[in-house]
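Heads up: the structure comes next, in structure tokens.
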Amino acid sequence: MIVQQTYEIKEELDFLKRTRVEFAEALQFVSSQVRSVDSARLTRILEHPFRQSIVRFPLLMDDGSIESFIGFRVQHSRLCEPTKGGIRYAPDVDLDLVTALAFDMTLKCRVVDIPFGGAKGGVCCDPKKMSRAELDRLTRRYAYEIMHVIGPDSDVPAPDVGTGEREMGIIYDTYRMLNPRCTCASAVVTGKPLNLGGSPGRDQATAQGGIYVLEEAVKRKHVTNLTSLKDATVIVQGFGNAGYNAAKILNDEYGCKIVGISDSKGGIYSQDGLDPNKVLDHKSKTSIERSVVGYRGLQGLGPKQFLTKQCDILIPAAKETQITGEISKDIRASVILDLANGPTTNLAHSILFGKGIHVIPDILANAGGVTVSYFEWLQNRAGENWELSMVKEKLRKKMSNAYTNVVDTAAEYNLDLRKAAFVFAISKSLDILIGRGVFP
Ligand code: NAD
């Protein structure tokens, strides 16, 4: 049983600064309570990325004009290689955001025990305002620009916000054409289409992995007022890869009632329940807005109104810094599954913990994505194709073990799950650092 404890906390809204603050606090905790380490020296080694690449490139637009774009690839830790992390296309992509996401990836890989380091990439662009042909050209040129820092043995990209299997297929093709002698070129990227070496289950992996952890938490009675997922009410923020698949799996396979769904245009809520399949159908048919808003005539709610509606399970699956201290005071869920990266601020975590809400942190909750990416990479290197049932069985085991490790750390040191996940990840990193020594 986890004992509740609150901290005096200054809210940090900047994702990178917040990750560094949380990391420094956890490292300090490790050095004072877990093992004797020189935390100042280790902060310098473990906190900063070992490589940050910035690329600028021109792109021919459909109307004949030429636009200039900026892209990034940040490789955070090479304690384990290759490094691994998604590629984001969004208007707010910048070096700090990509660095924070790469940092998170390093911690996530330790939590779920995947032998990768963390990385992340992205291009500052608005994919919603670009044509398919423009996005294809952008992907191929960005892949070319980062070609010298990626590879099956060095750094392996994957999908994130605004990218999917089409982009991964193009990155693979670009790498293949420029590296004709590489014998395992398909392992340069994960989240590919199945016919290019993608893994069954990769599309749903982030959501499915989070749901396995949620199942564990409910089964072990860690969630107040929730003894079963059947009939549990769910609110999902974000209706893309992570959010849509979470809503669909919980609705179709677990008998949950999805009462709230949102996207960037607003949120809809209905106590009668929303069928995610029909909401997706509505979203794809609304030709201009392409939003969940308006489904069955439901009006769009703003973030605070939406996130504080009554539910058992709240799933932020959109973007960082959504659940702030102010919003968390009014949240009424029993459990929060952080499927997005960095959705909950440090202050919000402490408030929610104080209220007895079980918050499953991002570096545990959404680690199913990198886990099945690892499975895809293994299949590509071995020339194998695994059955979906095997992928799911292995994923369940990884997620269940990771949950046990984080919960045990929380119980041993009387921590919330977020801090426990950081402490666990840092301890694992130290083991690797000490085992490897320092080159030369
Ligand atoms: P996506 O692009 O497929 O979907 C993002 C969704 O969020 C869209 O529906 C968009 O409309 C919505 N959205 C954006 N801003 C919003 C806002 N302010 N309020 C409500 N909805 C908003 O992206 P994704 O791949 O599903 O990623 C979502 C989150 O999950 C990100 O934080 C990402 O880093 C994280 N994540 C994704 C994966 C993966 O495998 N795709 C893995 C781990 C973590």
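Please read these numbers as outputs of a predicted model, since none were measured by experiment. In each ligand, atom 1 is the first atom listed, and ligand 1 is the first ligand listed.
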[X] heavy atoms, cut-off 4.0 Å: which ligand 1 atoms fall inside?
{"X": "G162", "result": "2 (O)"}
{"X": "A317", "result": "28 (C), 29 (C)"}
{"X": "A340", "result": "29 (C), 30 (O), 32 (O), 35 (C)"}
{"X": "Q237", "result": "19 (N), 20 (C)"}

I'd like to check whether [X] has a polar contact with ligand 1, where a contact means an N/O of the residue lying under 3.5 Å from an N/O of the ligand.
{"X": "S264", "answer": "yes"}
{"X": "N241", "answer": "yes"}
{"X": "G369", "answer": "no"}
{"X": "P159", "answer": "no"}
{"X": "G243", "answer": "no"}
{"X": "N341", "answer": "yes"}
{"X": "E320", "answer": "no"}

Close approach of K265 to ligand 1, heavy atoms, under 4.0 angstrom: no

Close approach, R88 and ligand 1, non-hydrogen under 4.0 angstrom: yes

For [X] and [Y], test the side chains for any donor-to-acceptor distance below 3.5 angstrom and give the result as yes or no.
{"X": "T321", "Y": "R18", "answer": "yes"}
{"X": "K319", "Y": "N341", "answer": "no"}
{"X": "E167", "Y": "T139", "answer": "no"}
{"X": "S284", "Y": "R290", "answer": "no"}
{"X": "N251", "Y": "K257", "answer": "no"}

Ligand 1 versus [X], non-hydrogen atoms closer than 4.0 Å: side chain, backbone, both, neither?
{"X": "L339", "answer": "backbone"}
{"X": "A205", "answer": "neither"}
{"X": "R202", "answer": "side chain"}

Heavy-atom neighbours of R56 CZ exceed 12 at 6.0 Å: no

Enclosure of E253 CD (heavy-atom neighbours >12, cutoff 6.0 Å): yes

For [atom], which protein heavy atom lies nearest, and how many Å away is it?
{"atom": "atom 37 (C) of ligand 1", "result": "D160 OD1, 3.8 Å"}
{"atom": "atom 29 (C) of ligand 1", "result": "A318 O, 3.5 Å"}
{"atom": "atom 27 (O) of ligand 1", "result": "V161 CG2, 3.5 Å"}
{"atom": "atom 4 (O) of ligand 1", "result": "G240 CA, 3.2 Å"}
{"atom": "atom 39 (C) of ligand 1", "result": "T206 OG1, 3.3 Å"}
{"atom": "atom 18 (N) of ligand 1", "result": "Q322 OE1, 3.7 Å"}
{"atom": "atom 9 (O) of ligand 1", "result": "F239 N, 3.0 Å"}
{"atom": "atom 21 (N) of ligand 1", "result": "D263 C, 3.1 Å"}

Within 45° cone of F50 ring axis and under 6.0 Å: R78 NZ or CZ: yes

Pi-cation contact, W386 with K394 (under 6.0 Å, within 45°): yes

Parallel, tilted or perpendicular, as decided by the 30° and 60° cut-offs, for the rings of Y142 and Y89: perpendicular

Aromatic plane relationship, H358 with H222 - under 30° parallel, 30 to 60° tilted, over 60° perpendicular: tilted

Output field: ring centroids Y374/F116 closer than 6.0 Å: yes

F23 ring center within less than 6.0 Å of F103 ring center: yes

Heavy-atom closest pair, residues L214 and L250: CD2-CD2, 4.4 Å

